[in-house]
**Q** 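Can you read through this structure? Questions will come right after.
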Amino acid sequence: MSFTPVASLKGKSVCAASQFDRTDIDALIELARAMKAHIESGQTIHALDGRVMTPLFYEDSSRTLSSFCAAMLRLGGQVVNFKVEGSSVNKGETLEDTVRTLDSYSDVLVLRHPKVEALAQATSVAQHPVMNAGNGSGEHPTQALLDTLTISAELGRVDGITIALIGDLKMGRTVHSLLKLLTHNFSLAKVYLVAPAGLEMPQEVLDAVAADLTQKHIALEQVHALSPAIVADCDVLYATRLQKERFPAAAAGADPVAAFQKAKEDILINKARLESAKEKMIVMHPLPRVDELSTDIDSDPRAAYFRQMKYGLFMRMAILYSVLA
Ligand code: NCD
């Protein structure tokens, strides 16, 4: 079986949601679904035999790291087991030098870093494509692509949906990328941004999507609580956790941790909250969840977050295959 790569990605770094157009996204979704069917029918793929990927993770990860590695292995490629802990990073090596080193051993790098600017530093010295697996509170474009695949596969459409992005919209990079990717490429009906006071979507992200909202007549409403009316209106409830690690402990003024705790009742997704929800809708979460998403809906068929993380494997296969094939 031969798969059709998304030609515009060949040899390219994946940095931000804005680099994908609708044609790329539709093609990636189709490719990811074809790979899913192939793998789930027990077949193997050898398209990237002999190719090497190195993940450089300066921040914790379960799903993104493992699914990128599994994607590379399932395409027949190999993965260098580089760990920041125990590396020369601890001797004070700069990011650029570490990137130069691993880049010289690899065909593709996957970078996660707590600093927004780390991605540009890496791409400025790497000879090979760099996959942005999360740059601080900036972006997480491969997550937005797998989220879009999830919506498409679960609801059968992305155009016309109403979605609520809920939680820490200030520091959450998944919602920054997802809002940009969806509003730029799909005719959404409405977006609710539901965040505790002080954790609202940054103005620069709102500015980046403003033209698309106007042009496509997408309604946007910013609120602090998830009301029964909003839940009833939504095709997708997308919950996120408080990005505790991104708030300096000594931050002057408002305490976001206390604010989030206080606001938790207003945004918590649980069985009671889903009472007003449509029968055909989905609850998503990039995971890890902390306590903003209750386990009491895990067995509800509308709880799509575990399926969502699995779609991540197939979307990352589609991305790596298109970049390297
Ligand atoms: C997210 C991340 O790292 O930004 N996790 C993920 O990649 N699935 C979300 C989070 O950490 O809250």
**Q** Quick one, Tyr311 with Asp147, criterion side chain to side chain donor-acceptor pair (under 3.5 Å). Give me CA distance, side-chain angles, the key distance, then yes/no.
**A** CA-CA 8 Å; Tyr311 286 119; Asp147 292 341; over 6 Å; no
**Q** Are Phe82 and Leu320 in one and the same hydrophobic cluster, where Ile, Leu, Val, Met, Phe, Trp and Tyr link if side-chain heavy atoms are under 4.5 Å apart?
**A** no
**Q** Can you confirm whether Lys310 is buried at NZ, in the sense that more than 12 heavy atoms of other residues, nucleotides or ligands lie under 6.0 Å from that atom?
**A**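 Counting other residues, nucleotides and ligands, NZ of Lys310 stays at 12 neighbours or fewer.
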**Q** Taking the side chain as C-beta and beyond, is there a heavy-atom pair between Leu193 and Leu165 under 4.5 Å?
**A**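 Answer yes - side chains close enough.
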**Q** Going through the distances and angles, do Glu279 and Arg302 end up as a salt bridge (charged side-chain N to carboxylate O under 4.0 Å, His left out)?
**A** CA-CA 8 Å; Glu279 211 168 294; Arg302 296 169 294 186; over 6 Å; no
**Q** Ala225 and Ile230: which non-hydrogen atoms are nearest, and at how many Å?
**A** O-CD1, 3.8 Å
**Q** Among Leu145, Thr148, Val6, find the one that has a side chain to side chain contact (heavy atoms under 4.5 Å, CB included) with Phe20.
**A** Leu145
**Q** Let's go through Arg289 and Asp298 carefully: what are the C-alpha distance in whole Å and the side-chain angles of both, what is the deciding distance for salt bridge (charged side-chain N to carboxylate O under 4.0 Å, His left out) to 0.1 Å, and is it a yes or a no?
**A** CA-CA 12 Å; Arg289 66 175 153 191; Asp298 284 358; 2.8 Å; yes
**Q** Going by distance alone, is a donor N or O of one side chain under 3.5 Å from an acceptor N or O of the other, for Thr98 and Glu93?
**A**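 Yes, Glu93 and Thr98 have a side-chain donor paired with an acceptor closer than 3.5 Å.
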**Q** Glu292 side chain to Val290 main-chain N or O, any donor-acceptor pair under 3.5 Å?
**A** yes
**Q** What's the shortest heavy-atom distance between Cys69 and Pro55, and which atoms?
**A** SG-CG, 3.9 Å
**Q** Between Glu154 (side chain only) and Ile151 (backbone N and O only), is there a donor and an acceptor less than 3.5 Å apart?
**A** no
**Q** Cut-off 3.5 Å, side chains only: do Asp168 and Thr240 have a donor facing an acceptor?
**A** no
**Q** Is a side-chain N or O of Lys10 found less than 3.5 angstrom from the main chain of Ser322, in a donor-acceptor match?
**A**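 No, because the side chain of Lys10 does not come within donor-acceptor range (under 3.5 Å) of the backbone of Ser322.
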**Q** Does Val158 form a side-chain contact (heavy atoms from CB on, under 4.5 Å) with Leu182? I'd like the steps, not just the answer.
**A** CA-CA 8 Å; Val158 183; Leu182 291 180; 3.7 Å; yes
**Q** Should Ile25 and Phe186 be marked as a side-chain contact (heavy atoms from CB on, under 4.5 Å) after you check the CA-CA gap, both sets of side-chain angles, and the distance that decides it?
**A** CA-CA 10 Å; Ile25 298 167; Phe186 298 92; 3.9 Å; yes
**Q** Without hydrogens or angle criteria, can the side chains of Thr64 and Arg112 be said to hold a donor-acceptor pair below 3.5 Å?
**A** yes
**Q** Using every non-hydrogen atom in the two residues, find where Phe306 and Met309 come nearest and quote the distance to one decimal.
**A**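 Reported closest heavy-atom pair: O-CG, 3.1 Å.
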**Q** Do other residues, nucleotides or ligands put more than 12 heavy atoms under 6.0 Å from the CZ atom of Arg74?
**A** no
**Q** Quick check on Gln127: does its CD atom have over 12 non-hydrogen neighbours (other residues, nucleotides or ligands) under 6.0 Å away?
**A** no
**Q** So Thr162 and Asp233, side chain to side chain donor-acceptor pair (under 3.5 Å) or not? Walk me through it.
**A** CA-CA 7 Å; Thr162 292; Asp233 197 23; 4.6 Å; no
**Q** Using the rule that two of Ile, Leu, Val, Met, Phe, Trp, Tyr join whenever any of their side-chain heavy atoms come within less than 4.5 Å, decide whether Leu102 and Met131 are in one cluster.
**A** no
**Q** Looking only at heavy atoms, which two atoms of Ser294 and Tyr305 are closest? And how far apart?
**A**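 In terms of heavy atoms, the two residues are closest at O-OH, 4.1 Å.
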**Q** Side chains of Ser13 and Asn132, heavy atoms from C-beta outward: is any pair under 4.5 Å?
**A**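 A side-chain contact under 4.5 Å is absent here.
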**Q** Go through Arg157 and Ser152 one step at a time and tell me if the side chain to side chain donor-acceptor pair (under 3.5 Å) criterion holds.
**A** CA-CA 5 Å; Arg157 67 189 175 122; Ser152 167; over 6 Å; no
**Q** Run the numbers on Met72 and Leu48 for side-chain contact (heavy atoms from CB on, under 4.5 Å), then give the verdict.
**A** CA-CA 8 Å; Met72 191 64 184; Leu48 298 187; 4.0 Å; yes
**Q** Evaluate whether atom CD of Glu221 has more than 12 neighbouring non-hydrogen atoms of other residues, nucleotides or ligands under 6.0 angstrom away.
**A**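 Atom CD in Glu221 is crowded, with more than 12 foreign heavy atoms closer than 6.0 Å.
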**Q** Under a 4.5 Å cut-off applied to non-hydrogen side-chain atoms, are Phe57 and Val84 in contact?
**A**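 No. Closest side-chain heavy atoms not under 4.5 Å.
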**Q** Taking the side chain as C-beta and beyond, is there a heavy-atom pair between Leu274 and Lys271 under 4.5 Å?
**A**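 Leu274 does not reach Lys271 side chain to side chain.
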**Q** Please check: side-chain N/O of Tyr321 versus main-chain N/O of Met35, any donor-acceptor pairing under 3.5 Å?
**A** no
**Q** For atom NZ of Lys278, decide whether the heavy atoms of other residues, nucleotides or ligands shown that lie under 6.0 angstrom number more than 12.
**A** yes
**Q** Is it the case that the side chains of Arg316 and Thr142 hold a donor-acceptor pair, with the cut-off being a distance below 3.5 Å and no angle test?
**A**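 Their side chains do contain a donor-acceptor pair, which is all the 3.5 Å distance test asks for.
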**Q** Any sub-3.5 Å donor-acceptor pair from His46's side-chain atoms to Gly76's backbone N or O?
**A** no
**Q** So do the side chains of Val99 and Leu109 get within less than 4.5 Å of each other, counting heavy atoms only?
**A** yes
**Q** Would you say NZ of Lys216 has more than 12 non-hydrogen atoms from neighbouring residues, nucleotides or ligands within 6.0 angstrom?
**A**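 Atom NZ in Lys216 is crowded, with more than 12 foreign heavy atoms closer than 6.0 Å.
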**Q** Which pair of heavy atoms, one from Ala318 and one from Ala32, lies closest together, and at what distance?
**A** CB-N, 3.8 Å
**Q** So Tyr58 and His113, would you call those rings parallel, tilted or perpendicular, with 30° and 60° as cut-offs?
**A**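 The rings of Tyr58 and His113 sit tilted, inter-plane angle from 30° to 60°.
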**Q** Surrounding CD of Glu265 (heavy atoms of other residues, nucleotides or ligands, distance under 6.0 Å), is the total greater than 12?
**A** no
**Q** Report yes if some heavy atom in the side chain of Cys15 is under 4.5 Å from a heavy atom in the side chain of Thr123; otherwise report no.
**A** yes
**Q** Membership question, hydrophobic clusters at under 4.5 Å side-chain separation (ILVMFWY): are Val175 and Leu268 in the same one?
**A**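 No: no chain of side-chain contacts under 4.5 Å links Leu268 to Val175.
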**Q** Does a side-chain N-to-carboxylate-O contact under 4.0 Å join Lys170 and Glu200?
**A** no
**Q** Given 3.5 Å as the limit, does a donor-acceptor pair link the side chain of Asn185 with the main chain of Arg22, or not?
**A**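 Answer holds: yes.
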**Q** Is there a donor-acceptor contact under 3.5 Å from the side chain of Asp159 to the main chain of Ser187?
**A** yes
**Q** Under a 4.5 Å cut-off applied to non-hydrogen side-chain atoms, are Ile45 and His38 in contact?
**A** yes
**Q** Salt bridge (charged side-chain N to carboxylate O under 4.0 Å, His left out) between Asp103 and Arg100: does it pass, once the steps are laid out?
**A** CA-CA 5 Å; Asp103 179 58; Arg100 279 187 186 99; over 6 Å; no
**Q** Does anything in residues 48-72 pair up under salt bridge (charged side-chain N to carboxylate O under 4.0 Å, His left out), and if so which pairs, sequence neighbours excluded?
**A**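 Every salt bridge (charged side-chain N to carboxylate O under 4.0 Å, His left out) pair that includes a residue of residues 48-72, provided the two are not neighbours, is Arg51-Asp107, Glu59-Arg173, Glu59-Arg246.
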**Q** Do Asp24 side-chain atoms and Asp21 backbone N/O form a donor-acceptor pair below 3.5 Å?
**A**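 Looks like yes, one N/O pair under 3.5 Å.
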**Q** If you compare all heavy atoms of Pro196 against all heavy atoms of Gly167, which two are closest, and at what distance to 0.1 Å?
**A**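 Answer, listing the atom of Pro196 first, then Gly167: CD-O, 3.4 Å.
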**Q** Has the side chain of His285 got a donor or acceptor atom that lies under 3.5 Å from a matching backbone atom of Leu293?
**A**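 No; judged by distance alone, with no hydrogens or angles, the pair does not exist.
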**Q** Side chains of Leu146 and Gln308, heavy atoms from C-beta outward: is any pair under 4.5 Å?
**A** yes
**Q** Mind checking whether Met317 and Val323 sit in one hydrophobic cluster, side chains of I, L, V, M, F, W, Y counted as touching below 4.5 Å?
**A**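 Linked, Met317 and Val323 end up in one cluster.
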**Q** When hydrophobic residues are tied together by side-chain contacts of less than 4.5 Å, even through go-betweens, does Leu111 share a cluster with Phe68?
**A**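 No, Leu111 and Phe68 fall in different hydrophobic clusters.
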**Q** Could you tell me whether the side chain of Asn135 and the main chain of Leu119 form a donor-acceptor pair under 3.5 Å?
**A**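 It does not hold such a pair.
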**Q** For the residue pair Thr174 / His176, report whether a side-chain donor-acceptor contact shorter than 3.5 Å exists.
**A** no
